[in-house]
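What follows is a set of notes on a single structure, which appears directly below.
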There are 2 protein chains.
Amino acid sequence: MEAKQRYYTILLADDHTLIRHGIRNLISNNPALKVIGEVGDGEELLEFLKTTQPELLILDISMPKLTGIEAVSRVKKLYPAVKILMLTMHKNKQYFYHAMSAGADGYLMKEDSDEELLLAIKRIQDGKSYLSPFLSQDFADDVISAYRNNRSSPFETLTKREREVLNLVVEGHTSKVMGEILCLSPRTIDHHRANLLRKFDMKNSVDLVNFAVRNGFVTPSD
Amino acid sequence: MEAKQRYYTILLADDHTLIRHGIRNLISNNPALKVIGEVGDGEELLEFLKTTQPELLILDISMPKLTGIEAVSRVKKLYPAVKILMLTMHKNKQYFYHAMSAGADGYLMKEDSDEELLLAIKRIQDGKSYLSPFLSQDFADDVISAYRNNRSSPFETLTKREREVLNLVVEGHTSKVMGEILCLSPRTIDHHRANLLRKFDMKNSVDLVNFAVRNGFVTPSD
DNA sequence: TTTTTCCTAGGTATAAATACCTAGAAAATA
DNA sequence: TATTTTCTAGGTATTTATACCTAGGAAAAA
């Protein structure tokens, strides 16, 4: 049996220094919790974990270099014992699907209060899962059960090629150009795009772009 | 002459409770500063200002109901004495143009450190303007001088109709449907869209969507 | 091994977008 | 008032996208 720990160790991963320090400040009000580190992107995160593993990782979903979702998968695979609380500003089904299927333990929104943050930490500390009440309002029970049935996100149902083509579609290329980029016939591009439209039940590329951006499949870079 | 005030009064406007409280926490470390209120959206902001005006308004650029930019214009028009520090997560030229031409006094990024926040407040308190060093790295001097010459954002050069059409284009409609929505000939829609493409030097609607989303002309709703 | 899925790409046809024109009426501006 | 801009919309032509087909080879799964 393990001796009871003095602190519950927490690592903060968020690319916004201000937010990170704000959260650290909030957490520091509770003497039972201890922030053992902060990282600003996915690379730093993995680097940090090589030497030290926190009990809880509070992770922003939109980080540079490694998206929050990918980070969840990687961290859970490498260090299954580390609990992960996703912290996001997106009230979005797809983010939720992504995060949960990737293995997150909790899902908190920045719209939530600081009390909610401490509650989320407490629940995860107790081995339970946590879902933001702000989010659960919008999620009907069937959606909750859907994720429990390991339903994957729409993006994950895409094939490799379809994902490649989707990214190029979002960049506004024509079939001809995309064909040149991928060394394929423009007709093949047409085929993949048609499949994308069919799979998502959409009518045109603009809808695809909106969908992809909205659901975080692509990051609209500066 | 006014008596020197005990506190520098600050109002926080941000739709994310967690961020808001984090900033309040950071500010509270400085006894010369006092957060006199928090609001979560543009309506609350204007309502609050009816009764009390802070010396400084710290404003997130992406708020519901009233965008940060619009809020700056309204607040500066109604209460010119209120200084405004924009707090944004977007490292983006257009946001900067928007904010500055709308009358913001400072532009801070969430990537910046808390020391930077206090520095920004200090500078504005002293009647100076503030620009995030994180941002200024990316902004060449000519860009800085450009905004000083009251150069407006690309979006502001659009006509009313063009903005309407742009919004519909972003929603993925065909010319035919857009014509029905606006009670215009699809040919007229084509004309406006062609002007949009020409004005922004772009080739297709997907590019327009990316541009509009990236620059905050439209808000990709959930 | 059989079956299925994926990737490839062509045929054909229609719909839509885009690129050039012209041009008049209304509105804003000088 | 005169000028410019905006909004309207049509003509024409080309390019692109989209919707259906077929179909063979490769890869993965059953």
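Just so you know, these numbers use all the heavy atoms, side chains as well, and skip hydrogens, waters and symmetry mates. Throughout, a chain's letter reflects where its sequence line sits, starting with A, and its residues are numbered from 1.
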Please confirm whether the shortest side-chain N or O distance from A:R193 to OP1 or OP2 of D:dT18 is below 4.0 Å.
yes

What residue among B:I10, B:L57, B:I124 forms side-chain contact (heavy atoms from CB on, under 4.5 Å) with B:L85?
B:I124

Provide, to the nearest angstrom, the distance between the CG atom belonging to B:D190 and the P atom belonging to D:dG11.
13 Å

I'd like to know if the side chain of B:N210 reaches the main chain of A:V170, judged simply by a donor and an acceptor atom lying under 3.5 Å from each other, with no hydrogens or angles considered.
yes

As a test of reading the structure: which of D:dA19, C:dT18, C:dA17 is closest to the side chain of A:R187, going by heavy atoms?
D:dA19

Rounded to the Å, how far apart are A:R198 CZ and D:dC21 P?
12 Å

What is the distance from CG of B:L196 to P of C:dA17, rounded to the nearest Å?
14 Å

Whole angstrom value for the distance that separates P of D:dA17 from CG of A:L197:
11 Å

Nearest of C:dT18, C:dG11, D:dA9 to any side-chain atom of B:H191?
D:dA9

Need one value for A:N204: base, sugar-phosphate or nothing, where a base atom within 4.0 Å counts as base even if backbone is also close, heavy atoms only.
sugar-phosphate

Side-chain N or O of B:S185 closer than 4.0 Å to phosphate OP1/OP2 of D:dG10
yes

Any side-chain N or O of A:H192 under 4.0 Å from OP1/OP2 of C:dT8?
yes

Side-chain N,O (B:T188) to OP1/OP2 (D:dA9) below 4.0 Å
yes

May I ask you to verify if any side-chain N or O of B:S175 is less than 4.0 angstrom from the OP1 or OP2 atom of C:dA17?
yes

Between A:A194 and A:K176, whichever has its closest DNA chain D nucleotide further toward 5' is A:K176

Would you say a side-chain N or O of B:S205 is under 4.0 Å from OP1 or OP2 of D:dA17?
no

If I take atom CG in residue A:N195 and atom C1' in nucleotide D:dC21, what distance separates them, rounded to the nearest angstrom?
14 Å

Is B:K203 touching bases, backbone alone, or none of the nucleic acid, heavy atoms closer than 4.0 Å?
sugar-phosphate

Could you tell me the separation between the NZ atom of A:K160 and the P atom of D:dA26, rounded to a whole number of Å?
18 Å

Residue that, paired with B:L59, satisfies side-chain contact (heavy atoms from CB on, under 4.5 Å) out of B:V39, B:V72, B:D14:
B:V72

Check the phosphate of D:dC7 against B:T159, side-chain N and O only, distance under 4.0 Å to OP1 or OP2. Yes or no?
yes

Verify the distance criterion only: is there a donor paired with an acceptor across the side chains of B:S205 and B:R193 at less than 3.5 Å?
no

Is the phosphate of C:dT8 approached by A:R161 (side-chain N or O, under 4.0 Å from OP1 or OP2)?
yes

Nearest-angstrom distance from the residue atom CD of A:E164 to P of C:dC7:
9 Å

